[in-house]
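Down below is the structure, laid out as structure tokens.
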Amino acid sequence: MAFRVFFALFLCLVLALRSNACENGRIHPKVFIITMFDLEAQVWFNIPEFTLDRKLVFPGLPPKYPSVNCTNDGNICLVTTGQAEVNAASTISAVVYSGNFNLTSTYFLVAGVAGINPKLATIGAVTFARYAVQVGVQFEVDARQIPSNFSTGYFAQGSTGPGQPPSVDWWYGTEVFELNDALRQAAFNLTMPAILNDSVTAQAARAPYSTASVFAPGATDPKIVLCDTATSDTYWSGDLLGEMVENTTKVLTNGNAVYCTTQQEDNATLNVLFRATLAGLLDFSRVIVMRAGSDFDRPYATQTVIDNLLGPTPGFAPSLMNLYLVGIKVVEGIISQWDGRFAAGVKPMNYIGDVFGSLVGDIQPDFGPTACSNQ
Ligand SMILES: *[C@@H]1O[C@H](CO)[C@@H](O)[C@H](O)[C@H]1NC(C)=O
Ligand SMILES: *[C@@H]1O[C@H](CO)[C@@H](O)[C@H](O)[C@H]1NC(C)=O
Ligand SMILES: *[C@@H]1O[C@H](CO)[C@@H](O)[C@H](O)[C@H]1NC(C)=O
Ligand SMILES: *[C@@H]1O[C@H](CO)[C@@H](O)[C@H](O)[C@H]1NC(C)=O
Ligand SMILES: *[C@@H]1O[C@H](CO)[C@@H](O)[C@H](O)[C@H]1NC(C)=O
Ligand SMILES: *[C@@H]1O[C@H](CO)[C@@H](O)[C@H](O)[C@H]1NC(C)=O
Ligand SMILES: *[C@H]1O[C@H](CO)[C@@H](O)[C@H](O)[C@H]1NC(C)=O
């Protein structure tokens with residue numbers, strides 16, 4: 001043990017002579033990539049740009065993905081959380097409270113696949129979110145027992161029906177996280193030289209989302225899109241649930257957010273990063289949520305919901321590839337422009353944080369229990 005500590009300090013000393021990536025035995029990453037399962041992680045291994053062969057093992061990592069991997073200089077690290085909110089929250093907590101890292105100036109890049117709303121984008125598209133909305137925390141009644149005047153069986157906690165915000169005492173604080181939009185724009189700009197991967201089978205799967213309908217964006221070629229993400233432990237499919245998620249996203253953000261991707265982790269990850277920011281351990285203005293569409297959240301006109309949910313997912317391969325093709329531009333951009341730009345941070349011009357306005361700043365949230373329209 002003593003030898004290992006000594007060795008870590010020695011390694012850091014050597015590295016410290018070359019960079020700032022290490023101090024007090026802590027790794028000081030410039031970019032931390034957050035993936036959710038092995039296939040998302042694998043796109044970052046065996047690439048020409050960097051090698052994640054420095055392996056860190058510490059308590060609280062998922063048994064399935066038991067290490068965080070970094071580059072030797074500590075500039076880039078990658079963690080795999082495991083899927084769903086409970087794994088994301090537990091794993092990211094283990095990372096930020098491990099004492100292995102100094103994260104005060106680290107950029108976090110959540111890089112995972114997601115279900116995609118064909119009203120906004122398509123399979124293979126890569127999105128950057130400003131709002132992450134938790135749509136799983138709601139009241140629910142079974143679809144077969146919905147009152148005749150309810151449009152859906154899901155409604156906000158403490159409310160009396162769909163379309164209403166949660167009542168004041170029922171906000172948990174995690175319903176919405178707003179991220180640094182200036183950083184999102186900067187990341188989006190960095191990706192501009194990226195050329196997206198696509199496949200013939202993905203093109204064929206896209207085609208039935210008629211260009212003559214609200215699903216036109218689903219039928220067109222994949223692009224890099226700025227639009228928002230929804231978190232729910234439930235992996236759902238269908239028009240009606242899709243519309244419910246669109247409506248819930250609008251209600252929870254006072255109409256600001258546009259729901260376009262659905263996944264099972266981001267709120268949980270953001271909640272941990274947010275609390276660690278409140279504890280002075282990291283900087284919530286340095287968080288980027290990137291999600292690539294692997295499958296449609298709802299069927300095309302003549303497809304059943306079950307075929308959409310259980311059928312083949314030809315968008316999966318190009319979406320994984322595109323996480324790398326687009327994400328690498330962001331990682332390389334942050335590292336290459338560290339001095340003089342990213343080291344100092346990208347000053348947010350919008351509100352960032354949770355629904356309560358917990359981060360001390362000049363701007364207060366225009367959503368949540370204290371927003372005027374919800375009082
Ligand atoms: C981290 O690196 C080690 C050693 O190179 C490797 O065995 C392991 O699979 C890597 N971790 C992940 C999550 O891929
Ligand atoms: C973390 O790094 C910052 C500089 O980015 C430094 O000011 C701070 O003292 C470091 N914290 C620890 C606990 O090493
Ligand atoms: C549904 O109808 C009941 C009984 O009239 C009424 O109390 C309730 O407010 C209505 N709810 C919605 C969501 O319209
Ligand atoms: C992004 O690029 C556009 C067009 O070149 C530019 O106007 C804008 O200032 C850039 N934004 C950021 C945040 O870098
Ligand atoms: C997408 O990636 C696959 C797998 O590497 C490759 O075979 C294919 O040629 C790529 N297609 C395009 C259009 O980039
Ligand atoms: C979504 O909101 C619109 C407008 O209020 C409403 O017409 C529609 O029925 C809602 N859909 C669902 C599934 O709740
Ligand atoms: C997850 O985040 C979204 C938006 O960031 C938020 O609406 C939701 O409540 C969060 N859920 C949890 C459990 O943190």
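Below, all heavy atoms of this structure are taken into account, side chains as well, without hydrogens, waters or symmetry copies. If you read the sequence from its start, that first residue is 1, and numbering goes on from there.
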Checklist entry - Which pair of non-hydrogen atoms, one from Arg54 and one from Asn72, has the smallest distance, and what is that distance? => result NH1-O, 3.1 Å
Checklist entry - When you check the side-chain N and O atoms of Asn256 and Arg130, is any donor under 3.5 Å from an acceptor? => result no
Checklist entry - Is there a side-chain contact (heavy atoms from CB on, under 4.5 Å) between Val287 and Leu270 once you walk through the steps? => result CA-CA 8 Å; Val287 180; Leu270 295 174; 3.6 Å; yes
Next on the checklist: Please determine whether ring pair (Phe, Tyr, Trp, His ring centres under 6.0 Å) holds for the pair Phe155 and Phe150, giving the CA-CA distance in whole Å, both sets of side-chain angles, and the decisive distance to 0.1 Å.
Outcome noted: CA-CA 9 Å; Phe155 46 110; Phe150 277 33; 5.3 Å; yes
Checklist entry - Which heavy-atom pair separates Phe284 from Leu273 by the least distance, and what is that distance? => result CD1-C, 4.0 Å
Next on the checklist: Working note: Ile224 + Val326, criterion side-chain contact (heavy atoms from CB on, under 4.5 Å); need CA distance, chi angles, decisive distance, verdict.
Outcome noted: CA-CA 8 Å; Ile224 303 171; Val326 172; 3.9 Å; yes
Checklist entry - Do Thr51 and Asp53 have a side chain donor and acceptor closer than 3.5 Å? => result no
Next on the checklist: For Ser199 and Gln203, which I'm curious about, is there any donor-acceptor pair between the side chains at under 3.5 Å?
Outcome noted: no
Next on the checklist: Would you say Thr231 and Gln264 are linked by a side-chain donor-acceptor pair, where the criterion is simply a distance under 3.5 Å?
Outcome noted: no
Checklist entry - With side chains defined as the heavy atoms from C-beta onward, is the minimum distance between Val346 and Asn180 less than 4.5 Å? => result yes
Considering only distance and modelled atom types, tabulate donor-acceptor pairs under 3.5 Å from the side chains of residues 105-116, sequence neighbours left out.
residue	atom	partner	partner atom	Å
Ser105	OG	His28	NE2	3.1
Thr106	OG1	Pro29	O	2.7
Tyr107	OH	Phe342	O	2.6

Checklist entry - Run the side-chain hydrogen bond (donor to acceptor under 3.5 Å, both in side chains) check on Asn308 and Ser237 step by step: do they pass? => result CA-CA 7 Å; Asn308 176 61; Ser237 168; 2.9 Å; yes
Next on the checklist: Is there a side-chain contact (heavy atoms from CB on, under 4.5 Å) between Asp38 and Lys64? Walk through the geometry before answering.
Outcome noted: CA-CA 9 Å; Asp38 48 1; Lys64 234 175 146 175; 6.0 Å; no
Checklist outcome for this item: Residues passing the salt bridge (Lys or Arg N to Asp or Glu O under 4.0 Å) test with Arg275, sequence neighbours excluded, are none
Next on the checklist: According to side chain to side chain donor-acceptor pair (under 3.5 Å), who are the partners of Thr152, at least two apart in sequence or on a separate chain?
Outcome noted: none
Checklist entry - Does a donor on one side chain and an acceptor on the other come within less than 3.5 Å for Arg206 and Thr122? => result yes
Next on the checklist: Before we go on, tell me: are the rings of Phe296 and Tyr209 under 6.0 Å apart, centre to centre?
Outcome noted: yes
Checklist entry - For the rings on Tyr154 and Phe139, is their centre-to-centre separation under 6.0 Å? => result no
Checklist entry - Side chains of Thr81 and Ser90: does their closest heavy-atom pair fall under 4.5 Å? => result no
Checklist entry - Can you tell if the side chain of Val126 reaches within under 4.5 Å of the side chain of Val225, non-hydrogen atoms only? => result no
Next on the checklist: Just so I know, are the side chains of Asp73 and Phe50 near enough to count as touching, which here means a heavy-atom distance under 4.5 Å?
Outcome noted: no
Checklist outcome for this item: All heavy atoms of Ser67 vs all of Lys55, minimum pair found to be CB-CG, 3.5 Å
Checklist outcome for this item: Nearest heavy-atom approach of Val68 to Leu61 is N-CD1, 3.9 Å
Checklist entry - Can you name the residues that form a salt bridge (Lys or Arg N to Asp or Glu O under 4.0 Å) with Asp142, not counting sequence neighbours? => result Arg144
Next on the checklist: Side chains of Lys30 and Asn75: any donor to acceptor distance under 3.5 Å?
Outcome noted: yes
Item to check | Distance-minimising heavy-atom pair for Asp198 and Pro222 | outcome: OD2-CD, 3.7 Å
Next on the checklist: Test your reading of the model: is there a side-chain donor-acceptor pair from Asn117 to the backbone of Cys260, 3.5 Å cut-off?
Outcome noted: no
Next on the checklist: side-chain contact (heavy atoms from CB on, under 4.5 Å), that's the test. Do Gln138 and Thr248 meet it? Break it down for me.
Outcome noted: CA-CA 9 Å; Gln138 293 203 65; Thr248 303; 3.6 Å; yes
Next on the checklist: Under the rule for side chain to side chain donor-acceptor pair (under 3.5 Å), what residues qualify as partners of Tyr259, not counting sequence neighbours?
Outcome noted: Asp297
Item to check | SB check Lys119 Glu246 (cutoff 4.0 Å) | outcome: yes
Item to check | Residues which pass side-chain contact (heavy atoms from CB on, under 4.5 Å) with Ala276, listed by chain and number, not counting sequence neighbours | outcome: Val96, Tyr97, Leu281, Leu282
